[in-house]
Undergrad: 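Take this structure, written in structure tokens, and hold onto it; I'll ask about it next.
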Amino acid sequence: MTHYSKTRKDVLKHWKARSKRVFKVTDNFANSIECKWQNNADALGYNHISIFCSIGQFASHITDLLRDYRYDKYDFDQSDEINEVLFRYYSRILLISSEIFTDFQDLYIIADDKITTKQLSGIQSKILRPKQDNARETLANGTQKIKQLLDYINKICKHKTANFHICNHHIQFLFEDFHKNIKAKKGKVTIGSINQYTSYDTSTLAKHSKPNYIVVPSLKHIIDLIINGYKVLDDLFTNDKTKFEFVCRHYDDK
């Protein structure tokens with residue numbers, strides 16, 4: 001068993017245990033937190049709450065990706081080409097995770113402020129951004145972990161022309177799931193440091209610095225942030241029933 005395959009299998013087991021998902025033909029998440037929310041809504045007399053089921057179904061992308069055994073014959077540092085393949089695999093998980101975090105963020109704002117999706121979309125950016133930052137920080141237990149990870153995903157995996165594409169000169173990959181002594185490596189792009197390598201001097205257009213490596217976050221770190229986001233939303237719904245009922249009314253299948 002390669003180190004990579006063991007990592008994938010261990011994190012898949014961790015994800016299923018913490019999210020209470022059972023895979024059959026597809027995910028069965030009847031015991032998950034989304035179904036707990038639906039059961040609570042049923043007890044209050046509401047119908048099917050679309051967003052609960054939709055979030056649960058979308059999160060099944062994580063299960064599908066973690067079940068993907070096609071690369072189990074490969075291993076970290078087997079070659080530069082294999083590292084690129086594994087980086088793309090991690091990127092797909094990061095992209096799905098970013099959509100989950102954004103859904104969590106918006107649902108938190110909708111519930112906490114008791115506003116509709118239409119009202120949320122109409123908020124001016126200068127007012128909306130602090131709300132988004134507060135939601136991300138709260139979902140990460142008062143830390144910047146989700147905000148920093150989303151910034152990393154946006155600049156490494158999504159909007160790359162002004163970010164990753166600027167600093168990718170046959171860059172090498174370091175995986176937190178494998179490499180040791182990463183801190184000793186010089187010139188590395190990490191969560192929170194991407195701007196050091198993409199900003200320009202306005203007069204000379206000289207880049208601030210040239211990186212040698214990009215550090216890929218661990219799968220467990222990503223999964224734990226998702227699970228923690230679920231728990232924060234659950235606490236919000238549990239501690240203030242009026243916020244939970246607002247979400248139920250807004251997404252109720254009347």
Undergrad: Would you find more than 12 non-hydrogen atoms of other residues, nucleotides or ligands less than 6.0 Å from K20 atom NZ?
TA: no
Undergrad: Looking at K145, I'd like to know if its NZ atom is crowded, meaning that more than 12 non-hydrogen atoms belonging to other residues, nucleotides or ligands lie closer than 6.0 Å.
TA: no
Undergrad: Looking at every non-hydrogen atom in both residues, tell me the closest pair between A59 and I100 and how far apart they are.
TA: CA-CD1, 4.1 Å
Undergrad: If you measure from CE on M1 to CG on D75, what distance do you get to the nearest 0.5 Å?
TA: 11.5 Å
Undergrad: Test of understanding: with side-chain contact (heavy atoms from CB on, under 4.5 Å), list the residues that count as partners of D10, not counting sequence neighbours.
TA: K6
Undergrad: Is any NZ, NE, NH1 or NH2 atom of the basic residue among E99 and K158 found under 4.0 Å from an Asp or Glu carboxylate oxygen of the other?
TA: yes
Undergrad: Quick check on F58: does its CZ atom have over 12 non-hydrogen neighbours (other residues, nucleotides or ligands) under 6.0 Å away?
TA: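 Result for CZ/F58: enclosed.
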Undergrad: How about N228 and L139: do any of their side-chain heavy atoms sit closer than 4.5 Å?
TA: no
Undergrad: Kindly check if the number of other-residue, nucleotide or ligand heavy atoms within 6.0 Å of NZ (K155) is above 12?
TA: yes
Undergrad: With side chains defined as the heavy atoms from C-beta onward, is the minimum distance between T190 and I182 less than 4.5 Å?
TA: no
Undergrad: According to side-chain contact (heavy atoms from CB on, under 4.5 Å), who are the partners of A41, at least two apart in sequence or on a separate chain?
TA: Q38, Y46, I49, F244, C248
Undergrad: Heavy atoms, side chains only, cut-off 4.5 Å: are D177 and Y4 in contact?
TA: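 Of all side-chain heavy-atom pairs linking Y4 with D177, none is under 4.5 Å.
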Undergrad: Is there a side-chain contact (heavy atoms from CB on, under 4.5 Å) between F76 and T7 once you walk through the steps?
TA: CA-CA 11 Å; F76 300 110; T7 298; 4.2 Å; yes
Undergrad: Between atom OG of S50 and atom CD1 of I55, what is the distance when rounded to the nearest 0.5 Å?
TA: 9.5 Å
Undergrad: What's the verdict on side-chain contact (heavy atoms from CB on, under 4.5 Å) for I115 and I123, showing C-alpha distance, side-chain angles and the deciding distance?
TA: CA-CA 10 Å; I115 59 175; I123 298 176; 3.8 Å; yes
Undergrad: Do the non-hydrogen side-chain atoms of F52 and V247 ever get within less than 4.5 Å of each other?
TA: yes
Undergrad: Looking at every heavy atom in both I93 and L66, which two are closest together, and how far apart are they?
TA: CD1-CD2, 3.9 Å
Undergrad: Quick one: does K185's side chain get under 4.5 Å of L174's, heavy atoms only?
TA: yes
Undergrad: List the steps, then state whether side-chain contact (heavy atoms from CB on, under 4.5 Å) holds for I191 with V215.
TA: CA-CA 8 Å; I191 294 175; V215 179; over 6 Å; no
Undergrad: Please tell me whether F87 and F175 form a close aromatic pair, meaning their ring centres lie under 6.0 Å apart.
TA: no
Undergrad: Could you tell me whether the side chain of T63 reaches within less than 4.5 Å of the side chain of W15, counting heavy atoms only?
TA: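 Yes - at least one pair of side-chain heavy atoms lies under 4.5 Å apart.
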Undergrad: Does NZ in K13 sit with more than 12 non-hydrogen atoms of other residues, nucleotides or ligands closer than 6.0 Å?
TA: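 Counting other residues, nucleotides and ligands, NZ of K13 stays at 12 neighbours or fewer.
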Undergrad: Can you tell me how far apart CD1 (I171) and CD1 (I156) are? Round to the nearest 0.5 Å.
TA: 7.0 Å
Undergrad: Which of parallel (below 30°), tilted (30 to 60°) and perpendicular (above 60°) describes F104 and Y230?
TA: perpendicular
Undergrad: With distance as the sole criterion, is a donor-acceptor pair present between the side chains of D80 and H170 under 3.5 Å?
TA: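 H170 and D80 do not have a side-chain donor-acceptor pair below 3.5 Å.
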Undergrad: Is the closest side-chain heavy-atom distance between R8 and Y71 below 4.5 Å?
TA: no
Undergrad: Decide if atom CG of N181 counts as having more than 12 heavy atoms of other residues, nucleotides or ligands within a radius under 6.0 Å.
TA: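 Counting other residues, nucleotides and ligands, CG of N181 stays at 12 neighbours or fewer.
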Undergrad: Any side-chain heavy atom of Y197 sitting closer than 4.5 Å to one from I214?
TA: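 The answer is no, as the side chains (C-beta and beyond) never meet within the 4.5 Å cut-off.
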Undergrad: Assess whether atom CZ of R249 is packed by more than 12 heavy atoms of other residues, nucleotides or ligands within 6.0 Å.
TA: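 Enclosed: over 12 neighbouring heavy atoms sit under 6.0 Å from CZ of R249.
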Undergrad: With a sphere of 6.0 Å drawn around NZ of K131, does it hold more than 12 non-hydrogen atoms of other residues, nucleotides or ligands?
TA: no
Undergrad: Please list, chain by chain and in numerical order, all residues satisfying side-chain contact (heavy atoms from CB on, under 4.5 Å) with C53, sequence neighbours excluded.
TA: H48, Q57
Undergrad: Begin from the C-alpha positions of L94 and L149 and carry the test side-chain contact (heavy atoms from CB on, under 4.5 Å) through to its verdict.
TA: CA-CA 9 Å; L94 287 166; L149 182 60; 4.0 Å; yes
Undergrad: Quick one, N141 with T143, criterion side-chain hydrogen bond (donor to acceptor under 3.5 Å, both in side chains). Give me CA distance, side-chain angles, the key distance, then yes/no.
TA: CA-CA 6 Å; N141 285 342; T143 73; over 6 Å; no
